Amino acid sequence: MEIEQTPAALPPELPLDGIPQEILRLGKRLAETKYKIDMLGKEGWGELTANLHGLESSGEWDGPDDALTFFSKVFPFAMLPAETDPLGIFQVPTERVIGRSWRWWPEHMNANSEAKLTEHLNGPFAAESTSWYFLPALGVLLAAQGQSRVNYCRQRNIPFITARVSHLSYPPADRFRLYHVTKGQTRQSWVVCNDRYLQPVLWPRITLPALTTYGVHSGSWPLTFPRSTVFLTSCIIRSLRQILLLPASICWQ
């Protein structure tokens, strides 16, 4: 008697309930932006995206940024994973995952290797070698392991990818404030967290619209802060990572 085998049940879809529509659109746009940056670099235009495409401070090209590095460059005060909360294995919407194609692209595959990959992605062990971080606050996922399959699935119009997902937090918008400082022809934007810590916005065309959608408000430079001109004249903006906003009498004589 032949025993009929039933296919293994698919994992559930990653729940997105309760996430506002504008945040869902933001997450989708962030993933799309990273994909476009990787594509530009792939075609030899990495210089257009500077170190958002893996250009080291020494000038050496190191390939596309991984998702966590990209996220930390675009979002001030990004808390990269140390201890995370595993959520489980889910079918994840491809359109909202930030990946990295650095070892191979779909055109590098022949018919046999692509058939094997397709079988794996549809099989019971599809989540093996994946580790993705879900930020509900921003409606986006960061692929730490299993990165290249993201762009593959994008190009092949595969709507969901099975992956192992953990939760990752981002500070609430009300802990941030945006400040814009102009001196002569120079305009610099800064993000202050908890009225105490400051980081520069290095990629305003991406970061400012994203933070605004997230709910971060702009304000006038507070009189209680050190003079804004100090930061513009004494700091190398692109190498500055974080400044503790102590009283001016302590920081500068």
Side-chain angles (χ1 to χ4, degrees), residues 14 16 19 23-42 46 48-57 61-106 117 121 126-156 158-171 199 201-203 205-207 209-211 213-214 241:
L14 182 70
L16 302 174
I19 301 177
I23 297 299
L24 290 175
R25 288 192 293 269
L26 171 61
K28 181 179 176 181
R29 181 68 182 272
L30 289 169
E32 181 182 353
T33 298
K34 175 59 163 66
Y35 173 69
K36 289 180 177 178
I37 289 172
D38 285 4
M39 290 297 292
L40 281 173
K42 174 174 177 276
L48 294 178
T49 51
N51 69 0
L52 280 179
H53 200 274
L55 190 66
E56 301 294 337
S57 58
W61 187 80
D62 191 36
D65 279 340
D66 62 77
L68 294 170
T69 300
F70 173 82
F71 179 70
S72 68
K73 289 179 178 179
V74 171
F75 280 88
F77 302 100
M79 297 180 292
L80 298 183
E83 296 182 4
T84 58
D85 179 20
L87 298 177
I89 295 176
F90 295 93
Q91 291 188 79
V92 177
T94 304
E95 66 182 9
R96 59 185 63 257
V97 185
I98 295 178
R100 178 197 192 195
S101 281
W102 60 300
R103 289 184 175 174
W104 58 269
W105 289 83
L117 176 60
L121 293 177
E128 284 189 354
S129 302
T130 62
S131 177
W132 294 3
Y133 297 99
F134 177 39
L135 291 100
L138 297 169
V140 73
L141 292 99
L142 311 176
Q145 298 180 30
Q147 306 172 74
S148 294
R149 67 187 67 188
V150 178
N151 286 354
Y152 169 82
C153 289
R154 269 185 172 271
Q155 293 195 2
R156 294 297 188 262
I158 299 173
F160 290 92
I161 311 172
T162 301
R164 191 178 305 276
V165 179
S166 297
H167 179 271
L168 187 62
S169 297
Y170 189 66
Q199 284 187 4
V201 174
L202 301 181
W203 304 103
R205 290 187 179 181
I206 302 175
T207 302
L211 289 180
T213 300
Y214 187 47
R241 294 307 304 161

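All values below come from the heavy atoms of this structure, side chains included, with hydrogens, waters and symmetry mates left out. Computed from a predicted model, the values in this text were never measured in an experiment.
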- [ ] State, to 0.1 Å, how close Ser72 and Ala78 come at their nearest heavy-atom pair, and which atoms those are.
- [x] CA-CB, 3.9 Å
TODO: May I ask you to test the Phe70-Leu142 pair for a side-chain heavy-atom distance under 4.5 Å?
DONE: no
Task: Ile206 versus Leu30, closest heavy-atom pair with distance - done: CG2-CD2, 4.5 Å
Task: Tyr152 side chain near Ile158 side chain, heavy-atom distance below 4.5 Å - done: yes
Open item on the list: Looking at every non-hydrogen atom in both residues, tell me the closest pair between Cys153 and Thr94 and how far apart they are.
Closed with: CB-CG2, 3.9 Å
Task: Glu95 and its salt bridge (charged side-chain N to carboxylate O under 4.0 Å, His left out) partner, picked from Lys34, Arg154, Lys28, Arg25 - done: Lys28
Open item on the list: I'd like to check Ile37 versus Asp65 (side-chain heavy atoms, cut-off strictly below 4.5 Å). Are they in contact?
Closed with: no
TODO: Could you pull out the closest heavy-atom pair between Asp38 and Gly99, with the gap in Å?
DONE: OD2-O, 4.0 Å
Open item on the list: Any heavy-atom pair between the side chains of Arg164 and Pro86 that's under 4.5 Å?
Closed with: no
Open item on the list: Measuring from atom CZ of Phe134 to atom CG of Leu168, what distance do you get when rounded to the nearest 0.5 angstrom?
Closed with: 11.0 Å
- [ ] Write down the atom of Pro136, the atom of Ile23, and the distance for their closest heavy-atom approach.
- [x] O-CG2, 4.1 Å
- [ ] Check for a donor-acceptor pair, side chain of Trp132 on one end and backbone N or O of Ser166 on the other, with a separation under 3.5 Å.
- [x] no
Task: Check: Thr130 side chain, Gly146 main-chain N or O, donor-acceptor pair, under 3.5 Å - done: no
Task: Any side-chain heavy-atom pair of Gln147 and Asp66 under 4.5 Å - done: yes
Open item on the list: With heavy-atom distances below 4.5 Å as the criterion, would you say the side chains of Tyr35 and Val97 are in contact?
Closed with: no
Task: Closest heavy-atom pair and its distance - Pro76, Leu211 - done: CD-CD1, 4.3 Å
Task: Close side-chain approach of Ile98 to Phe71, heavy-atom, < 4.5 Å - done: no
Open item on the list: So, taking the atom named CD1 in Ile19 and the one named CZ in Arg96, what distance separates them when rounded to the nearest 0.5 Å?
Closed with: 7.0 Å
TODO: Please confirm whether Tyr214 and Tyr170 have ring centers closer than 6.0 angstrom.
DONE: yes
TODO: Please tell me if the side chains of Thr207 and Leu202 come closer than 4.5 Å, counting only heavy atoms from C-beta onward.
DONE: no
Task: Main-chain N/O of Phe77 paired to Gln199 side chain as donor or acceptor, under 3.5 Å - done: yes
